[in-house]
Peer 1: 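Here it is, the structure in full.
Start at 1 and go down the list; that is how both ligands and their atoms are numbered.
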Amino acid sequence: MIKENILKIRERIYSACLKNNADPGRVILVAVAKNRSMSQVAQALVAGISDIGENKVQEALLKYADFSSRASQVRWHMVGHLQTNKVKEAVKIFDLIHSVDSLRLAQEIDKQAARINKVQDILIEVKTSPEESKFGLKPEEAIEVIREALKLSNISIKGLMTIAPPADSPEGSRLYFRMLRELKDKINASRLPGQELEILSMGMTDDFETAIEEGSNMVRIGRAIFGG
Ligand SMILES: *Cc1c(COP(=O)(O)O)cnc(C)c1O
């Protein structure tokens, strides 16, 4: 079942890319495995998944302990809100932290990564909808945080992430995805030092095709893979 689901999603990613003249090989499929069992994760890995997303450090640590020796090529993604007191553990296992939503968190990641001689790849989480309850920085705040965070030597800012607010249809999310892509273009066009932002982490089960049409190159999918 998980294998069939993944095949179907890959087909849909492919079609969305063709429609958008994008290279399907450049869209990374992150299987979001929060609340899923070891056996479900194993099935996804067998079906060719190489990127696993989690939203809690504690749960990720357990899965990492189980899989890292057997599946060393797997990349681990932190997609959920990260508390500063969990950063020390998080930097030990995650290849990419998607949810950096304050300078304070970026500084703590830099500090803890330095202690283990790592340069931690991160994304800046942006709140593209005005809805106040969501995590993430407002676009103008994101630019400020990036400007400051670029001075830190043990983090590397790879791109931006957003969670679109719940919509009645995928079309309803298009505006938010477009906003994130335009923000990335704007930041890359400005003369901030450091490397270009490349990653746009956007699109989930209900809206990933729209996200790809708007330039996403990293989709985070849970339900469409694991069910529920
Ligand atoms: C759970 C989660 C996902 C996956 O959502 P689905 O709707 O199950 O595809 C993606 N991103 C984040 C941040 C999540 O918490």
Peer 1: What I want to find out is whether Lys34 reaches Glu59 closely enough, with some N-O distance under 4.0 Å, to be called a salt bridge.
Peer 2: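 Judged by the 4.0 Å cut-off on N to carboxylate O distance, Lys34 and Glu59 do not form a salt bridge.
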Peer 1: Would you call the rings of Tyr64 and Trp76 parallel, tilted or perpendicular, where under 30° means parallel and over 60° means perpendicular?
Peer 2: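 It falls in the perpendicular class, over 60°.
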Peer 1: Taking Gly228's backbone N and O only, do any of them form a donor-acceptor pair with Arg223's side chain (distance below 3.5 Å, no angle check)?
Peer 2: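 No; zero donor-acceptor contacts below 3.5 Å.
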Peer 1: Compute the shortest N/O to N/O distance between Gly222 and ligand 1 and return yes if it is under 3.5 Å, no if not.
Peer 2: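 Yes.
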Peer 1: Number the atoms of ligand 1 from 1 as they appear, then name those within less than 4.0 Å of a heavy atom of Val79, with their elements.
Peer 2: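 Numbered from 1, ligand 1 contributes 12 (C), 13 (C).
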Peer 1: Phe177 pairs by side-chain contact (heavy atoms from CB on, under 4.5 Å) with which of Glu182, Met202, Glu213?
Peer 2: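 Testing each of Glu182, Met202, Glu213 against Phe177, the sole residue satisfying side-chain contact (heavy atoms from CB on, under 4.5 Å) is Met202.
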Peer 1: For atom 7 (O) of ligand 1, which of Arg223, Met204, Lys34, Arg220 has the closest heavy atom?
Peer 2: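 Looking at heavy atoms only, Arg223 sits closest to atom 7 (O) of ligand 1.
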Peer 1: Start with the C-alpha distance between Lys118 and Gln120, add both sets of side-chain angles, then the distance that settles side chain to side chain donor-acceptor pair (under 3.5 Å), and finish with yes or no.
Peer 2: CA-CA 6 Å; Lys118 179 183 185 184; Gln120 175 69 58; 2.8 Å; yes
Peer 1: Within a distance under 4.0 Å of any heavy atom of Ile221, pick out the atoms of ligand 1 and give their elements.
Peer 2: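 So the answer, numbered in order with elements, is 9 (O).
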Peer 1: Could you tell me the residue and atom name of the protein heavy atom closest to atom 6 (P) of ligand 1, and the distance to it rounded to 0.1 Å?
Peer 2: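 Its nearest protein heavy-atom neighbour is Thr205 OG1, 3.4 Å.
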Peer 1: Using heavy atoms and a threshold below 4.0 Å, how should the contact between Ile163 and ligand 1 be classified: side chain, backbone, both, or neither?
Peer 2: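 The answer is the side chain.
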